[in-house]
Amino acid sequence: MIASVLPTYNRAPLEFVKGEGSWLFEADGRRFLDLGSGIAVNALGHAHPKLVEVLSTQAQNLWHVSNLYKIPQQEKLADLLVDHSFADTVFFTNSGTEACELAVKMARKYFYEKGQPERVEILTFDGSFHGRSSAGIAAAGTKKMVKGFGPLLPGFVHLTFGDLDGVTNAISDQTAAILIEPVQGEGGIRPVPDAELKALRQICDEAGILLILDEVQCGVGRTGKLFAHEWAGITPDIMMVAKGIGGGFPLGAVLATEQAASGMTAGTHGSTYGGNPLGCAVGCAVVEEVMAPGFLEDVNRKAGLLRQRLEGLIADHPEVFEEVRGSGLMLGLKCKAANGDVVAAGYDNLVITVPAADNVIRLLPPLTLSEEDIAEALVRLEKTATQIEAA
Ligand SMILES: *Cc1c(COP(=O)(O)O)cnc(C)c1O
């Protein structure tokens, strides 16, 4: 008999009842170090006092009104994002894949309004992930995500990750945009080198097409900048954000330049919940916290420390781990042992990591983790590796 919850996930036998900072608790009191943050979502850890305060206060006043009315919390969050990024304007969604939907629609509408309606194609890369909506799966094109779900949304051209010549060759008079994650998350923490992001920006400028960045996983302080593309010194035309921006409240956004967004006039897009007062009150608190003086410096310092310690772990356990890669607190340990076994052994040793493609385990800890948490992470990962070696 089918489970009452649609069985689309193979769930680990863990059940948490409470979270605090970098820690998750089961009812029996077992205490896990959370290096997954609910897949890069709990950017400020669990039950951050400021987020709890903001959410409870907002909950006592007003939850939802719909976008038929002005929402001051939404305007404040949009202003904050515009002030701290390339963007001139923001649309709020409830998830990353909804942000992908709008990014695709926006790019196509831009060219339609420019009198180039044939420009509908979007170039994407293998190993990418853009969510599970019809546009998201068609964009990524991963076999296991699209199989059986056709007909797929047309207009995506799948290219080889890292092949710049392939990009240049794929551009035609039907190309609207390039869509890429600055650091691939699900694909196994594969960063796009700064020089390559710069080259993609240049290719877009020369071809007169749009650069869409998917920063759903790598954005909001995760790499040590508010947005990952800042490291490369470039800006996109359109950017998708979600995961970390709500700190655990379902919230996403599409940020865009005035020009890229110019086709999106009244009535062209909408969302019932997107940008509601609860979500945006929390989003404001998250962004304010991440932009607070010293916060990102601290992320970078801790990221350096964690990475250095992980290099040591790999050196001590060459049978289990191969390399560490990534940016800031978005790190991947490429495994020699099966990554699923390493994640499961981590559970035995009360440390949570997240598997990814390319036999990688992801470390996406709360950005607020402490140095003691890092020390504890290494103790637990060390035990995990030892357990794998003994198996
Ligand atoms: C998680 C993710 C998405 C999809 O976000 P959802 O909120 O699950 O819809 C899209 N792009 C990237 C890069 C992601 O990591």
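Every number for a ligand or one of its atoms is a count from 1 in the order of the listing. Both backbone and side-chain heavy atoms feed into the values below; hydrogens, waters and symmetry mates do not. This is a predicted model, so every value here is computed, not measured.
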- Query: Can you name the closest pair of heavy atoms from Pro277 and Ile71 and give their distance?
  - Reply: CG-CG2, 4.0 Å
- Query: What atoms in ligand 1 come closer than 4.0 Å to a heavy atom of Thr97?
  - Reply: 4 (C), 5 (O), 6 (P), 9 (O)
- Message: Taking distance alone, with N or O pairs closer than 3.5 Å, would you say Gly96 contacts ligand 1?
- Response: yes
- Any idea which atoms of ligand 1 are less than 4.0 Å away from a heavy-atom of Gly131? 3 (C), 4 (C), 10 (C)
- Answer yes or no: is there a side-chain heavy-atom contact under 4.5 Å between Ser271 and Asn94? yes
- Is Glu186 close to ligand 1, meaning an N/O of one under 3.5 Å from an N/O of the other? no
- Task: Identify, for atom 10 (C) of ligand 1, the protein heavy atom at the shortest distance, and state residue, atom and that distance.
- Result: His130 C, 3.4 Å
- Should the proximity of Ala242 to ligand 1, defined as any heavy atom under 4.0 Å, be assigned to the side chain, the backbone, both, or neither? neither
- Item | Sub-4.0 Å atoms of ligand 1 with respect to non-hydrogen atoms of Ser95 | 7 (O), 9 (O)
- Just wondering, do Arg190 and Phe125 contact through their side chains at under 4.5 Å, heavy atoms? no
- Query: Is the shortest side-chain N to carboxylate O distance from Arg309 to Glu382 below 4.0 Å?
  - Reply: no
- Any nitrogen or oxygen of Lys243, main chain or side chain, under 3.5 Å from a nitrogen or oxygen of ligand 1? yes
- Task: Starting from atom 11 (N) of ligand 1, find the nearest protein heavy-atom neighbour and note its residue, name and distance.
- Result: Asp214 OD2, 2.7 Å
- Query: Side chain of Lys302, backbone of Leu369: donor and acceptor closer than 3.5 Å?
  - Reply: yes
- Answer yes when Arg380 and Glu376 have at least one side-chain N-carboxylate O distance shorter than 4.0 Å, and no when they do not. yes
- Is there a side-chain contact between Thr257 and Phe86 (heavy atoms, below 4.5 Å)? yes
- Message: Looking only at distances, can you tell me whether any N or O atom of Phe129, backbone or side chain, sits closer than 3.5 Å to an N or O atom of ligand 1?
- Response: yes
- Specify side chain, backbone, both or neither for Glu181, according to which of its non-hydrogen atoms lie closer than 4.0 Å to ligand 1. side chain
- Query: Leu51 and Ala285: which non-hydrogen atoms are nearest, and at how many Å?
  - Reply: CD2-CB, 3.5 Å
